[in-house]
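Report on one structure; see the data block that follows.
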Amino acid sequence: MKVMMRRNAAGVLSAYVPKKDLEEPVVAQEKPGLWGGTVTLANGWTLAMPEMAESTTLPITIEARKLSGD
């Protein structure tokens with residue numbers, strides 16, 4: 001699914017899913033960097049993030065895979 005990852009002015013990382021009109025903060029990350037692991041959103045969804053360079057700037061729209069959540 002298409003997901004836009006961004007960081008707000010306070011530095012909080014969030015994910016926006018346009019198809020669901022859903023924006024949720026990231027509450028947990030598998031890896032210290034954003035890319036290549038999983039992230040958990042505040043609503044309980046777990047998303048698999050693609051492998052990307054650590055220097056990738058935000059905001060960016062990516063293809064993430066939903067692993068769990070309602």
Side-chain angles (χ1 to χ4, degrees):
M1 76 174 60
K2 297 282 184 194
V3 177
M4 185 173 81
M5 300 302 295
R6 61 182 164 195
R7 198 172 298 275
N8 68 14
V12 176
L13 186 63
S14 67
Y16 175 68
V17 183
K19 192 170 187 178
K20 300 282 187 184
D21 193 27
L22 171 78
E23 183 165 10
E24 292 288 334
V26 173
V27 295
Q29 293 176 232
E30 178 184 7
K31 295 183 175 182
L34 179 61
W35 310 114
T38 60
V39 296
T40 303
L41 306 182
N43 67 352
W45 288 13
T46 301
L47 303 175
M49 305 300 285
E51 291 284 345
M52 297 182 85
E54 290 296 321
S55 61
T56 302
T57 58
L58 298 177
I60 188 170
T61 300
I62 52 133
E63 187 69 32
R65 192 167 44 112
K66 183 176 167 188
L67 301 177
S68 67
D70 293 335

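Hydrogens, waters and symmetry mates play no part in the numbers below; they use all other heavy atoms, side chains included.
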Salt bridge (Lys or Arg N to Asp or Glu O under 4.0 Å) partners of [X], counting only residues at least two apart:
X: K20; value: none
X: E54; value: none
X: R65; value: none

Query - Minimum-distance pair of heavy atoms, taken over all atoms of K31 and G37 - result: CD-N, 4.1 Å

Query raised in the report: Taking all atoms of both residues into account, what is the closest heavy-atom pair of L41 and A15, and its distance?
Result: CD2-CB, 3.8 Å

Check side chain to side chain contact (heavy atoms under 4.5 Å, CB included) between [X] and all other residues, then give those that pass, not counting sequence neighbours.
X: A28; result: T40
X: T38; result: E30, T46, L67
X: R6; result: M4, S14, Y16, E23, P59

From [X] atom [atom1] to [Y] atom [atom2], the distance as rounded to the nearest 0.5 Å:
X: R7; Y: T57; atom1: CZ; atom2: OG1; result: 11.5 Å
X: L47; Y: E63; atom1: CG; atom2: CD; result: 11.0 Å
X: L58; Y: L34; atom1: CG; atom2: CG; result: 6.5 Å
X: M49; Y: W35; atom1: CE; atom2: CH2; result: 4.5 Å

Query raised in the report: Side chains of K19 and M1: closer than 4.5 Å at any heavy-atom pair?
Result: no

Requested in this report: State yes or no: do L22 and I62 share one hydrophobic cluster built from I, L, V, M, F, W and Y residues joined by side-chain heavy-atom distances below 4.5 Å, directly or via other members?
Outcome: yes

Query - Same cluster (ILVMFWY, side-chain, under 4.5 Å), I60 and V17 - result: yes

Report task. Could you identify which residues cluster with V12, counting Ile, Leu, Val, Met, Phe, Trp and Tyr as linked when any side-chain heavy atoms lie under 4.5 Å apart, either directly or through a chain of such contacts? Result -> none

Query raised in the report: Within the side chain of Q29, is there an N or O that forms a donor-acceptor pair under 3.5 Å with the backbone of V39?
Result: no

Query raised in the report: Where do K66 and W45 land on the side chain to side chain contact (heavy atoms under 4.5 Å, CB included) test, with the steps shown first?
Result: CA-CA 7 Å; K66 183 176 167 188; W45 288 13; 3.6 Å; yes

